[in-house]
Amino acid sequence: MSRPFNFSAGPATLPEDVLAQAAREMLDWRGSGMGVMEMSHRGKEFLSIAHQAEADLRDILSIPAHFKVLFMQGGAIGENAILPMNLSRGARADYVVTGSWSQKSAKEARRYCDVHVAATNEADGHTSLPAYGGWQLSERPAYVHVCSNETIHGVEMHELPDLRALGCDAPLVIDCSSHIASRPIDWTRVGVAYGGAQKNIGPSGLTLVIVREDLLGHALPITPSGFNYQTVADNESMYNTPPTYAWYIAGLVFQWIKRQREVTPAGELTGLAAIEARNIAKAELLYGYLDQSGFYRTKVQADCRSRMNVPFFLPDDALNEAFLSGAKEAGLLQLKGHKSVGGMRASIYNAMPLAGVEALVGYLKDFALRHG
Ligand SMILES: *Cc1c(COP(=O)(O)O)cnc(C)c1O
């Protein structure tokens, strides 16, 4: 029996292979006599899981040796406070606002440092990306924060800003919660990348922080020890008990990414390259149909449309309920848009197969025919 396709924005669908493997290993992880949830985080079994997961993530994202990978808790919302505590030194930090998530980040950071909004797309309802060359960066900000994929508004930076080219030496901080591991990251442009796991990597409860080593060691004195990046790094993410089961599932997802293969006209792609090619194909299929439908509408400008989160609107909100109930019957779940934006949203993360997007487009066509 095949499962419905789940378009939730997060916690989101996981690769079926991963769930099946976790189910097989639930009662007895590889002959240890224990389930992963029951293991000491300091025992050799869990340490092997933890180290393998980090090695696989480093491999997938080509994370350079001078970056630390921290497996933390508190979510990206927690990071909105934890990050300025660790990086701001109480001074000024620049924030670029491109949607609800970066807006939240800027607001929370104001409690810990002097926040300067260097650019915002608020005037057009968060549907564009402020041109990098027009950002009003501070003289010497402690860091520049962006959300590289706005999960709610569907605005994605397809290329990260190069701050040095903009005359700014500050580290770039990216909240990449909802598109991490969907494409490569250019680490020459990044100081810190963070994100909650529950969009593209695993279950909620795990927060990844990938931080350049030279940025450690400057936390404000008020920083809780368990949220001090230096302390967490010195203790290999085991200063306090980490979210062990979420870490394990993330590790299975990383191995699943490494196994991916995609045959394209340019040849066979593997791992993250295969994932990225598939994500591009899925997004092109969905936006391509929406654009020519003459029925559905999208609002985000074409050059910054998210490959992961696709908000779209029916011609009349009165059709929304019928659309959602029909979708559910067709095995297409959780398409309702975020309440602040309205309409619909299809989140098509790594774990959403092309067949899921094909099924969605089939339903969209059918619904438009019946209601157009
Ligand atoms: C989901 C999300 C968050 C919030 O994550 P929590 O785990 O709820 O703290 C923050 N930023 C982005 C970009 C997100 O997608």
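As the structure is a prediction and not an experimental result, all values here were calculated from the model. Counting starts at 1 for both ligands and their atoms, in listed order. Residue numbers count from 1 along this sequence.
- The aromatic rings of Phe312 and Phe323 sit perpendicular to each other, their planes meeting at more than 60°, with 30° as the lower class boundary.
- Between the side chains of Asn80 and Ser105, at least one donor-acceptor pair of N or O atoms lies under 3.5 Å.
- Side-chain contact check for His179 and Ser148: at least one donor-acceptor pair (N or O, by modelled atom type) lies under 3.5 Å.
- Donor-acceptor pairing under 3.5 Å is recorded for the side chains of Arg278 and Gln260.
- Under the 30°/60° scheme for interplanar angles, the aromatic rings of Tyr245 and Tyr248 are found to be tilted.
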Write out each pair where an N or O from ligand 1 and one from the protein are under 3.5 Å apart, with the distance.
{"unit_1": "ligand 1", "atom_1": "7 (O)", "unit_2": "Gln198", "atom_2": "NE2", "d": "2.8"}
{"unit_1": "ligand 1", "atom_1": "9 (O)", "unit_2": "Ala76", "atom_2": "N", "d": "3.1"}
{"unit_1": "ligand 1", "atom_1": "9 (O)", "unit_2": "Ile77", "atom_2": "N", "d": "2.8"}
{"unit_1": "ligand 1", "atom_1": "11 (N)", "unit_2": "Asp175", "atom_2": "OD2", "d": "2.7"}
{"unit_1": "ligand 1", "atom_1": "15 (O)", "unit_2": "Thr151", "atom_2": "OG1", "d": "2.4"}
{"unit_1": "ligand 1", "atom_1": "15 (O)", "unit_2": "Lys199", "atom_2": "NZ", "d": "2.5"}

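- Two rings, from Tyr95 and His145, have their centers less than 6.0 Å apart.
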